[in-house]
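What follows is a short report on a single structure.
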Amino acid sequence: MTEEWIQRTFAPENTFNFLITLLPSPTSFNNVDGTVIGFLGLRFMARTSVASIGYEISPSYWNKGYLTEALSEFLSAYWKTHPEGLQGSKLDESGRVFVDATALENNAASLRVLEKAGFISVGQETAKDWYGGPDVVLKRYRAWKPVE
């Protein structure tokens, strides 16, 4: 990672970014704690007035539940600290605040993470590939603030 990428990713206003780290195992003295295995972030998209979540995790930690746990905990903390969403957040048709996330339609593991964390599929869109390849299909998911 370059310093420029780190600044662009972790510094903008209306953006919350967190590193996902391993915690020590209570049954093992040899388990290294604090190992960074990924990141999770939320960015307020001013053009759409929607808060959008993004994440990435090291492939060696895929399919172990770490991302689902991190995303679920992040959402819980987000709704506690921002019960009305970020300032300027759009509400849905029934007046409820929400956050969005997208994943490639063929990324079954990422779609499963979103569903396990309480997101519901709300549509799909075609987008330019980040790496210059052919256009890709993104599935859009949404999570609403839990009803109290």
Side-chain angles (χ1 to χ4, degrees), residues 1-23 32-148:
M1 287 187 262
T2 66
E3 185 67 28
E4 177 188 348
W5 179 86
I6 291 170
Q7 290 301 319
R8 189 176 68 240
T9 302
F10 292 95
E13 292 182 29
N14 290 322
T15 300
F16 303 90
N17 290 294
F18 301 91
L19 296 175
I20 302 170
T21 61
L22 293 179
L23 296 174
V32 177
D33 64 294
T35 301
V36 175
I37 63 170
F39 75 90
L40 170 66
L42 179 136
R43 174 176 282 175
F44 182 73
M45 310 301 282
R47 145 180 89 73
T48 59
S49 298
V50 172
S52 184
I53 288 188
Y55 48 79
E56 190 166 343
I57 193 164
S58 173
S60 55
Y61 295 96
W62 289 355
N63 300 312
K64 297 181 192 266
Y66 294 123
L67 189 53
T68 301
E69 180 181 359
L71 181 55
S72 297
E73 291 298 321
F74 174 82
L75 284 172
S76 178
Y78 175 73
W79 293 126
K80 285 178 186 166
T81 57
H82 298 284
E84 303 305 318
L86 296 174
Q87 183 175 357
S89 290
K90 180 164 61 173
L91 303 178
D92 73 1
E93 302 78 27
S94 60
R96 292 178 62 200
V97 65
F98 62 90
V99 296
D100 272 2
T102 57
L104 292 169
E105 77 169 340
N106 62 354
N107 188 341
S110 189
L111 299 175
R112 205 167 43 254
V113 164
L114 291 170
E115 290 167 356
K116 286 181 180 180
F119 282 77
I120 305 292
S121 177
V122 294
Q124 66 182 34
E125 59 198 62
T126 302
K128 297 268 184 222
D129 180 67
W130 296 339
Y131 304 104
D135 289 354
V136 296
V137 176
L138 299 173
K139 293 200 62 127
R140 178 163 301 282
Y141 279 71
R142 184 165 287 168
W144 289 265
K145 176 187 168 193
V147 178
E148 298 170 356

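Both backbone and side-chain heavy atoms feed into the values below; hydrogens, waters and symmetry mates do not. Computed from a predicted model, the values in this text were never measured in an experiment.
Not counting sequence neighbours, the partners of Y78 by the ring-ring contact (aromatic ring centres under 6.0 Å, His included) test are H82. The salt bridge (Lys or Arg N to Asp or Glu O under 4.0 Å) test applied to R142 returns D100, not counting sequence neighbours. Take E115 and apply the side-chain hydrogen bond (donor to acceptor under 3.5 Å, both in side chains) test, not counting sequence neighbours, and it matches Y141. Checked against salt bridge (Lys or Arg N to Asp or Glu O under 4.0 Å), K90 has no partners two or more places apart in sequence or in another chain. Annotation: side-chain contact (heavy atoms from CB on, under 4.5 Å) contacts of V36 (sequence neighbours excluded): L19, T21. Every residue two or more places apart in sequence or in another chain that forms a side-chain contact (heavy atoms from CB on, under 4.5 Å) with D129 is listed here: Y131, V136. Under the side-chain hydrogen bond (donor to acceptor under 3.5 Å, both in side chains) criterion, N107 pairs with no residue, sequence neighbours left out. Under the rule for a side-chain contact (heavy atoms from CB on, under 4.5 Å), the partners of E56 that lie at least two apart in sequence or sit in another chain are F39. With sequence neighbours excluded, no residue satisfies side-chain hydrogen bond (donor to acceptor under 3.5 Å, both in side chains) with Q124. Residues passing the side-chain contact (heavy atoms from CB on, under 4.5 Å) test with T81: none are found, sequence neighbours excluded. Partners of S89 under the side-chain hydrogen bond (donor to acceptor under 3.5 Å, both in side chains) rule, at least two apart in sequence or in another chain, do not exist in this structure.
Here the shortest heavy-atom pairing between A103 and L114 reads CB-CD1, 4.2 Å. The shortest heavy-atom contact between N17 and G41 is OD1-CA, 3.3 Å. What you find for W79 and A143 is that their closest heavy atoms are CZ2-O, 3.9 Å. Of all heavy-atom pairs spanning L91 and F98, the tightest one is C-CE2, 3.7 Å.
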Could you walk me through whether V97 and E84 satisfy the side chain to side chain contact (heavy atoms under 4.5 Å, CB included) test, starting with their C-alpha distance in whole Å, then the side-chain angles of each, then the deciding distance to 0.1 Å, before giving a yes or no? CA-CA 6 Å; V97 65; E84 303 305 318; 5.6 Å; no

Begin from the C-alpha positions of L111 and F119 and carry the test side chain to side chain contact (heavy atoms under 4.5 Å, CB included) through to its verdict. CA-CA 9 Å; L111 299 175; F119 282 77; over 6 Å; no

Name each donor-acceptor pair under 3.5 Å that joins a side chain in residues 59-75 to protein atoms two or more places apart or in another chain, with its distance.
{"unit_1": "S60", "atom_1": "OG", "unit_2": "S58", "atom_2": "OG", "d": "3.2"}
{"unit_1": "W62", "atom_1": "NE1", "unit_2": "I57", "atom_2": "O", "d": "3.0"}
{"unit_1": "S72", "atom_1": "OG", "unit_2": "T68", "atom_2": "O", "d": "2.9"}

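Judged by distance alone, the side chain of K145 and the main-chain N or O of P83 form a donor-acceptor pair under 3.5 Å.
For the atom pair CZ of F44 and OG of S52, the computed distance is 11.5 Å after rounding to the nearest 0.5 Å. Here T126 contributes atom OG1 and E105 contributes atom CD; the two are 8.5 Å apart, rounded to the nearest 0.5 Å.
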